[in-house]
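Taking it in order: structure first as structure tokens, then the write-up.
Keep in mind that what you see is a predicted model, and the values were worked out from it rather than measured. Count residues from 1 along the sequence. Side chains are part of it too, since the values below use all heavy atoms of this structure and drop only hydrogens, waters and symmetry mates.
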Amino acid sequence: MPKLSLVVPVYKVQGYLPECLDSILGQDCTDFEIIAVDDCSPDGSGAILDEYAKRDDRIHVIHLTENVGLGLARNAGLEKATGDYVLFLDSDDTLSDGALSAIRDRIEATGDPEILIFDYARTYWDGRVRPNLRADLLGEEGPDTFSLAERPQLLDLLQIVWNKAYRRDFVTRTGLTFPPGYYEDAPWTFCSLISTERIAVLDRVCVYYRQRREGGNILKTVSRKHFDVFDQYQRVFDYLDAHEELAKWRAPLFRKMVDHYLTVLERPGRLPQDARAEFFHRASADYRARVPKGFTRPGGGRGHKYAMLERDAYATMMSALAAVKLRQRVRTGTRTALNRSKRGAMGAFYQSQLRLPLDDNLVLFSAYWNRSVSCNPAAIDAELARLAPHMRRVWAVRADNAGGVPKGVNVVRVGSRDYWAAVARAKYLVNNVNFADSVVKRAGQIHVQTHHGTPLKTMGLDQQKYPASTDMDFEKLLERCDRWDYSISANQFSTVIWERVYPCSYTTLETGYPRNDVLVNAGAEEVRAARAALGLADGAKAFLYMPTHREYQPGFTPPLDLGRFARELGPDATLLVRGHYFYGNSPHVDELRRTGRVVDVSGHARVEELYLAADALITDYSSAMFDYAVLDRPIISYVPDWDVYSAVRGTYFDLLQEPPGAVATTQAELLKLLSSGAYDSPKTAKRRDTFRRRFCEFDDGHAAERVVRRVFLGEESLPPIVPFDERHHAPTPAQALELVERA
């Protein structure tokens with residue numbers, strides 16, 4: 001049996017769960033088991049648990065058939081625990097390095113106490129770590145073990161269950177279980193502490209307590225569920241009634257109860273406004289029913305609040321709280337004035353448009369910082385025209401890019417009066433990046449964030465770990481992301497990352513990427529047309545080369561000798577070169593275009609047509625690999641600077657170990673792969689299949705339809721994802737030629 005059992009209840013934490021599990025599995029102490037309880041989570045958390053359990057037999061997963069809440073989920077895990085000690089870890093929190101070794105060693109050094117209390121620290125989205133303000137209570141001087149009576153000040157620690165290790169036979173002997181409802185930690189924590197005679201402490205941060213920016217915290221949820229606190233303290237005092245030997249703890253626990261009630265009452269964002277009076281009166285009734293004989297109220301302002309509860313003086317209490325709020329408003333006055341000034345800078349015309357009603361049939365699209373009509377927004381635009389032709393579709397495009405807009409597309413030039421009118425009045429805003437900071441998200445507007453690729457490189461808040469790659473203002477970034485209503489995802493891998501690195505209150509739509517629909521649905525004629533548009537002859541082998549942007553390079557200099565490529569592969573091979581959109585047209589490539597064997601397609605409007613035309617893709621770290629994989633054609637990863645790129649930018653997986661096909665780290669290796677045909681072999685096909693199943697999870701050709709039906713038509717029942725093995729994709733160029741000739 002293991003020394004330690006960690007019970008991890010899981011519900012809607014797919015963005016944080018891998019980090020939690022990794023923090024446990026990465027411990028140098030290995031004498032543990034994890035009892036992970038999937039509390040009927042509606043997201044991908046259950047699948048993540050199963051995947052981890054396949055890789056590590058120390059993980060035991062329980063899938064509950066209905067959502068029971070945190071307390072009862074812990075009970076389900078507790079029943080399966082076999083370790084000498086039980087620890088509880090919330091699934092969005094993490095263990096510090098070496099935490100389990102420190103806990104095990106302290107348990108052994110103190111002679112197996114019934115409860116070991118250890119320290120924690122709060123972590124924030126911006127990287128801040130705030131220590132426990134009462135860490136001083138965990139000093140290890142004095143006896144190794146003691147009772148609560150010897151150190152009653154431990155009651156002043158935040159009363160949570162996950163900063164303690166409990167000897168399992170002690171839990172069994174006392175019959176401790178978690179109750180349902182909010183504040184379920186209170187009965188367990190108080191009743192366990194007053195029941196034990198042997199407590200030890202560990203003055204070391206073992207848990208990082210994540211302070212989530214959005215969601216996941218009942219303390220920030222306005223609900224009548226906060227009335228559960230009364231039931232929890234009823235359980236505490238029922239326990240005292242059943243154990244006369246513990247009567248000395250009535251006064252301390254009465255004080256903890258009153259402080260807790262006042263906290264719920266005073267903190268904004270907990271009680272509905274129309275429930276505050278009812279809550280106060282119930283708290284007052286508990287006060288009078290449970291006040292110990294001879295109880296002395298604390299001094300100062302806190303004591304006045306105790307007195308108001310005792311007298312059931314709700315009006316007096318509300319007047320006092322109103323005075324506090326007034327002082328807070330005065331302090332924030334400067335900030336409000338600054339915000340008004342900022343809004344004024346947006347322009348009087350925009351302000352006037354913001355006061356007009358929203359146009360329910362107007363949709364404003366943008367892509368790549370208003371550079372083009374492309375990507376996922378363009379695919380949604382086309383499907384919207386088919387399914388909802390009554391809606392007016394407008395694109396925001398920069399003046400210097402207006403010349404490349406396809407005919408028939410309605411355009412507003414960024415910065416013009418028409419642009420500001422559209423931004424202000426469109427019911428729907430669709431973009432694959434963020435709109436400018438100056439754009440105000442109005443009540444009733446719906447913002448669809450489509451993204452523009454599956455991430456290999458770190459994104460969002462994860463970029464804080466790689467400061468050399470960005471000078472981003474992350475607070476501003478999250479303010480922009482706060483405008484999202486929907487986030488489009490092509491695979492669960494992306495979903496998990498987006499929800500963690502953009503921690504805002506949006507709904508994830510796992511629809512697949514709309515721009516990839518054509519890669520599934522295109523036929524032989526579309527493939528032939530794409531090749532003809534590029535001047536590719538029948539039978540010619542076309543390699544699409546798409547290197548990505550590198551923050552540490554000022555311009556686009558391909559790490560490939562294009563002239564040598566043309567010479568060594570012979571006249572039947574053509575290289576299509578597409579620089580990252582940050583670079584635009586490249587003078588370096590222009591010099592080689594004249595050979596006719598190298599074609600610069602950097603300015604081509606639709607990358608999807610390039611995918612259809614190419615026999616194979618050569619790329620490095622570009623998200624193109626994830627899209628092109630839909631076609632099930634060869635992909636070659638040419639990564640001569642993997643060590644530098646992964647160190648500077650950071651990546652979510654090791655491309656050398658999990659590639660979509662063949663890998664080359666030098667130009668000689670690449671040319672050998674291409675000239676020998678080894679880039680397309682049973683081995684590379686197997687790699688590609690694994691890659692496709694992971695990253696093309698939802699790309700079945702119906703992504704745009706799902707988005708339009710859900711967002712614009714309000715339909716809840718969407719076309720189901722086609723099972724992976726039942727999908728088709730566009731024919732290869734060779735297959736397309738054969739099909740046309742047969743016809």
Side-chain angles (χ1 to χ4, degrees), residues 2 5-27 30 32-65 67 73 76-77 80-81 89-95 100 210 216 454-459 462 487 489-501 503 508-513 625-626 629-630 650-660 686-700 720-725 727:
S5 292
L6 288 93
V7 175
V8 183
V10 175
Y11 184 74
K12 291 182 70 172
V13 287
Q14 61 184 4
Y16 304 106
L17 182 56
E19 187 177 358
C20 172
L21 295 175
D22 289 342
S23 78
I24 304 173
L25 298 176
Q27 294 287 312
T30 60
F32 65 83
E33 66 177 355
I34 300 173
I35 312 296
V37 184
D38 171 17
D39 191 14
C40 202
S41 185
D43 62 1
S45 295
I48 293 172
L49 291 177
D50 290 340
E51 183 62 31
Y52 269 80
K54 288 179 185 177
R55 303 198 301 260
D56 197 311
D57 59 10
R58 292 174 296 178
I59 302 177
H60 312 286
V61 181
I62 301 171
H63 293 285
L64 301 183
T65 57
N67 177 246
K80 301 295 184 181
L89 183 67
D90 288 352
S91 47
D92 55 353
D93 296 337
T94 56
L95 295 181
L100 294 186
R210 187 187 302 273
T454 292
L456 166 65
K457 62 188 178 185
T458 56
M459 301 292 291
D462 282 348
S487 169
S489 177
N491 44 65
Q492 191 185 43
F493 169 83
S494 295
T495 300
V496 170
I497 291 173
W498 297 150
E499 292 187 2
R500 186 185 72 254
V501 303
T508 297
L509 296 182
E510 292 184 320
T511 59
Y513 267 169
M625 74 178 88
F626 302 100
V630 174
T651 59
Y652 290 118
F653 62 92
D654 188 338
L655 189 60
L656 301 183
Q657 299 299 317
E658 303 176 75
K686 184 177 181 181
R687 288 177 177 175
R688 186 167 69 248
D689 182 69
T690 301
F691 191 88
R692 292 179 66 233
R693 291 175 185 275
R694 181 182 184 189
F695 296 114
C696 304
E697 187 177 2
F698 308 132
D699 285 329
D700 65 351
I721 301 292
V722 176
F724 193 87
D725 291 325
R727 297 179 201 172

Interatomic spacing from CG in Asp43 to OG1 in Thr495 - rounded to 0.5 Å: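 Nearest 0.5 Å value for the CG-OG1 distance: 9.5 Å.
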Quick check for you: to the nearest 0.5 Å, what is the distance between Arg694 atom CZ and Asn491 atom CG?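 Reported to 0.5 Å precision, the distance equals 8.5 Å.
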Could you tell me which residues satisfy salt bridge (Lys or Arg N to Asp or Glu O under 4.0 Å) with Asp93, sequence neighbours excluded, listed by chain and number?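 Asp93: no salt bridge (Lys or Arg N to Asp or Glu O under 4.0 Å) contacts found.
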Residue pair [X] / [Y], side-chain donor-acceptor N/O under 3.5 Å:
X	Y	answer
Thr508	Glu499	yes
Ser489	Glu510	no
Gln492	Glu697	no

Not counting sequence neighbours, which residues clear side chain to side chain contact (heavy atoms under 4.5 Å, CB included) with Asp56? List them please.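 Scan of Asp56 (side chain to side chain contact (heavy atoms under 4.5 Å, CB included), adjacent residues dropped) gives Leu25, Arg58, Ile59.
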Hey, are [X] and [Y] close enough for a salt bridge, meaning a charged N less than 4.0 Å from a carboxylate O?
X	Y	result
Lys12	Asp92	no
Asp462	Arg500	yes
Lys54	Asp50	no

Measuring centre to centre across the rings, with the benzene-like ring taken for any Trp, is Tyr513 within less than 6.0 Å of Phe698?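 Tyr513 vs Phe698: aromatic centres not under 6.0 Å.
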Check for me whether the distance between the ring centres of Phe653 and Phe695 falls short of 6.0 Å.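 Aromatic pair counts; centres sit under 6.0 Å.
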For Arg692, which residues count as a side-chain hydrogen bond (donor to acceptor under 3.5 Å, both in side chains) partner, sequence neighbours excluded?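 Result, side-chain hydrogen bond (donor to acceptor under 3.5 Å, both in side chains) vs Arg692: none returned.
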Do Arg55 and Tyr52 form a cation-pi contact, if we require the NZ or CZ to be under 6.0 Å from the six-membered ring centre and within 45 degrees of the ring's axis?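 So Arg55 does make the cation-pi contact.
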